[in-house]
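Note that these values count all heavy atoms, side chains included, but never hydrogens, waters or copies made by symmetry. Numbers restart at 1 for each chain; the letters A, B, ... are given by sequence-line order, proteins then strands. All values derive from a computational prediction rather than experimental measurement.
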Protein chains: 2
Amino acid sequence: MRNRRNRLQLIISIIKKNNIGNQNDLARILRSYGIDVTQATLSRDLKALKVTKVASDKGEYIYIIPDNNELQDSMLQRGMHSIPSGQQAGFVSINFSGNIVVIKTRNGYAPGLAYDIDMSKSPLIIGTIAGADTIFIVLKEGVSRDEAIHFFSRFVPMD
Amino acid sequence: MRNRRNRLQLIISIIKKNNIGNQNDLARILRSYGIDVTQATLSRDLKALKVTKVASDKGEYIYIIPDNNELQDSMLQRGMHSIPSGQQAGFVSINFSGNIVVIKTRNGYAPGLAYDIDMSKSPLIIGTIAGADTIFIVLKEGVSRDEAIHFFSRFVPMD
DNA sequence: GGAATTTTTGCATATTAATGCAAAATTGTT
DNA sequence: AACAATTTTGCATTAATATGCAAAAATTCC
């Protein structure tokens, strides 16, 4: 049969256009195109096309043609790198982990220091949050450890 | 049960590591972790996680967590890319860095928005913390940028 | 063309997945 | 803590999907 290839083609376009949720519905639509096959064949077709059924946000199932790449972003987890404290007001320590900087201060000092860091409007930083004695700073992706160290040396002792 | 979210996480990691092909096998593996649920529950879990079964190159079926580009495409076809207007109040910006999301708001709005995000109880999120104008959200390991973007589009404009 | 070989299909059925419903567990409220 | 409201789950069953096998088509080879 020369039909199989055409049918597979048609199935793809039907699945992309309509919201098909099961193989019987698909068979029905194919029939309206003059193609008459059983559910068993469609099961094989969908397997060949790697079509899968997935839940939509509406709570119903629809067929999609998934990407063939298995995505796995692995988290970069660098070890902590501690730096001895100096005599900056309230400063206790600064540590890096991945793209996060954690600054510890004596109690009550964190908000003030965080404010200063915020006000620098550094493009290296996408956000800071301060508790009473801890500041979390999220660095922009791609910022190197050295860049960060250089920047933070404006605020705290970094040797 | 507080177990559900843990189970969902475990399911994700099991599916990514092993080649699971049906819900009974999954149940069996979960049982080896001390988690005992029925196939019915797993069907619901997989629906919630948008896990789908797809033919591998070996000719067998395995579960995967599909690429969200495809999902978004099919969502867009269904015309569901609207953002509830009430949930944009005070929003300023959203940025990603590694597994951290930083949302900036106008002063005072962060706690409310963070609360809404918390209440969504997304399995993608490990935790959130809010200051006055900034929210930090830590994503679960393995959550792709696309997945995250899709999720946060429920809360803030992402275009 | 015709026999041999490979591919595709339907049938019947086994396997797998989804769901209505009531009960149990959890969460929210006061 | 007690009650109400919501969520989660299992059971039982239905719905949907996959597949062994034999037959029908298509393809290849002489």
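Interface residues of residues 25-37 of chain A facing DNA chain D, ordered by number: none; criterion, heavy-atom separation under 4.0 Å.
The phosphate of D:dG10 has OP1 or OP2 within less than 4.0 Å of a side-chain N or O from B:Thr38. Put simply, B:Lys47 has no side-chain N or O that comes within less than 4.0 Å of OP1 or OP2 on C:dA17. Between C:dA17 and B:Ser43, no contact under 4.0 Å exists linking OP1 or OP2 to a side-chain N or O. Considering only side-chain N and O atoms, B:Tyr61 lies nowhere under 4.0 angstrom from the phosphate OP1 or OP2 of C:dT16. The side chain of A:Thr41 places no N or O atom within less than 4.0 Å of a non-bridging phosphate oxygen (OP1 or OP2) of C:dT9.
Contact check for A:Phe152 versus A:Ile117: side-chain heavy atoms found under the 4.5 Å cut-off.
Rounded to the nearest 0.5 angstrom, A:Ile126 CD1 and B:Ser93 OG are separated by 8.5 Å. Atom CG of B:Leu46 sits about 10.5 Å away from atom NZ of B:Lys53, to the nearest 0.5 Å. Atom CD1 of A:Ile103 and atom CG of A:Leu113 lie 5.0 Å apart (nearest 0.5 Å). With values rounded to the nearest 0.5 angstrom, A:Lys47 atom NZ is found 4.5 Å from B:Tyr61 atom OH.
Put simply, the side chain of A:Gln39 and the base of D:dA16 share no donor and acceptor less than 3.5 Å apart.
The two residues B:Val92 and B:Arg106 make their nearest non-hydrogen contact at CG2-N, 3.5 Å.
Look at CZ on A:Arg5: it is 13 Å from P on C:dT7, rounded to the nearest Å. Here the C1' atom of nucleotide C:dT15 and the CD1 atom of B:Ile20 are 17 Å apart, to the nearest Å. In this structure, B:Leu42 places its CG atom 10 Å from P of C:dA17, rounding to the nearest Å. Between B:Leu8 atom CG and D:dT9 atom C1' there is a gap of 13 Å when expressed in whole angstrom units. Look at OH on A:Tyr63: it is 10 Å from P on C:dA18, rounded to the nearest Å. Residue B:Asn22 contributes atom CG, which lies 11 Å from atom P of C:dT15 at whole-angstrom precision. Per the geometry, NZ belonging to B:Lys53 stands 8 Å off P belonging to C:dT16, to the nearest Å. Straight-line distance from the CZ atom of A:Arg7 to the P atom of D:dA25: 14 Å, rounded to whole Å.
Around the CD atom of A:Gln9, the shell of radius 6.0 Å holds no more than 12 heavy atoms that belong to other residues, nucleotides or ligands.
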Produce the list of close N/O pairs, under 3.5 Å, pairing protein atoms with atoms of nucleotides 5-7 of chain D; give distances to one decimal.
none

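Comparing A:Leu46 and B:Arg44 against DNA chain D, the residue whose closest nucleotide sits nearer the 5' end is B:Arg44.
Checking B:Ile12, B:Asn19, B:Ile11, B:Asn18 one by one against B:Ile15, the side chain to side chain contact (heavy atoms under 4.5 Å, CB included) holds for a single residue, B:Ile11.
A single hydrophobic cluster is not seen to contain both A:Ile135 and A:Tyr115; linkage of ILVMFWY side chains at heavy-atom distances under 4.5 Å, directly or through other members, places them apart.
For the residue pair B:Thr105 and B:Asp133, no side-chain donor N or O sits within less than 3.5 Å of a side-chain acceptor on the partner.
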